[in-house]
Number of protein chains: 2
Amino acid sequence: MGVHDAMYVLGGKWKIYIITGLLFGPMRYSDLLRNITGISGKVLSRELKEMEINHLINRTVSSTQPVTVTYELTEYGESTKSIIGVLSEWGEDHREMIVKAK
Amino acid sequence: MGVHDAMYVLGGKWKIYIITGLLFGPMRYSDLLRNITGISGKVLSRELKEMEINHLINRTVSSTQPVTVTYELTEYGESTKSIIGVLSEWGEDHREMIVKAK
DNA sequence: CTGTATCCTGATTGATACTG
DNA sequence: CAGTATCAATCAGGATACAG
């Protein structure tokens, strides 16, 4: 089942939000940290590493002083736009249905 | 952002799989338990309860002996088909890209 | 059968300090 | 700036027993 594969790569609490952040262009580590509410540096590092291994994102180091690191979606990562798009659309269409169950 | 709302309702490890299970018709508690590999009874109960509060599913009790309980998607729950569909399609299209990063 | 209650363990996380 | 290491705290999950 393809759903399992998708969940393996995109599942968990943060990956969707990281991709959303990168959807409009490359971002630096600190930008992502500021942009994604609630995530900690440790978790962001780990998630980015996994996503790099999975070829969703590229990591680029600029040898400036101090060092800057930017992350951007690969072509493969961009292909998740369809998923984010549907999620976003569905969420907006059904906002009034949401009940705080947790 | 609609993505957050969608993630609130559908996020976590199991909801997508529960919905997938119910996509072809109502199922009983024990059927879901058998059908969804890895989930425990305790967690299934909790997830179903949350999904019921969120109006994704209906719970029907038949006063037979012993009691049987069936769960089925509401119309609202059915509307997530679009999401499952895209996830499944994406997963199948990109299966060869998946690397075991965790 | 369909759950709930309890206990217990391992994984996940946050905070902090630290490195290059 | 971009992380890593460490430790303490929290939480999620499994197993079991039990109730309706």
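Order of the sequence lines sets the chain letters (A, B, ...), proteins ahead of strands, with each chain counted from 1. None of these values were measured; they are calculated from a predicted model.
The nearest whole Å value for the distance from the CG atom in B/L44 to the P atom in D/dG13 is 12 Å. Straight-line distance from the CG atom of A/D31 to the C1' atom of D/dC1: 11 Å, rounded to whole Å. The interatomic distance linking B/M27 (CE) with C/dG3 (P) rounds to 14 Å, in whole Å. The distance from atom CZ of A/R59 to atom C1' of D/dG3 is 8 Å, rounded to the nearest whole Å. Rounding to whole angstrom units, CD of residue B/E50 and P of C/dT4 are separated by 12 Å. In this entry the distance linking CD1 of A/I57 with P of D/dA2 reads 14 Å, nearest Å.
Within the 4.5 Å cutoff, the side chain of B/D5 has no heavy atoms near those of the B/V9 side chain. You'll find the side chain of A/I18 reaches within 4.5 Å of the side chain of A/M51, heavy atoms only.
The line from NE2 of A/H4 to CD1 of B/I98 is 11.5 Å long, rounded to the nearest 0.5 Å. Put simply, OG1 on A/T20 and OH on A/Y17 are 8.0 Å apart, with the number rounded to the nearest 0.5 Å.
Residue A/T64 places none of its side-chain N or O atoms closer than 4.0 Å to OP1 or OP2 of D/dC1. Look at A/Y71 and you'll find a side-chain N or O under 4.0 angstrom from OP1 or OP2 of D/dG3. Between B/K49 and C/dG3, a side-chain N or O to OP1/OP2 separation shorter than 4.0 Å is absent. Residue B/S30 places at least one side-chain N or O under 4.0 Å from the OP1 or OP2 atom of C/dT2. Contact annotation: B/R28 reaches the phosphate of C/dT2 (side-chain N/O to OP1 or OP2, under 4.0 Å).
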List the steps, then state whether salt bridge (charged side-chain N to carboxylate O under 4.0 Å, His left out) holds for A/E78 with A/K81.
CA-CA 6 Å; A/E78 299 261 359; A/K81 273 184 182 170; 3.0 Å; yes

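Residues B/M7 and A/G12 share a closest heavy-atom pair of CE-O, 4.2 Å.
A/W90 and B/T80 are not linked by any side-chain donor-acceptor pair at a separation below 3.5 angstrom, with hydrogens and angles left out of the test.
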Letter per nucleotide, 5' to 3', of nucleotides 8-20 of chain C [B base touched, S only sugar-phosphate touched, - untouched; heavy atoms, 4.0 Å]
-----BBB-----

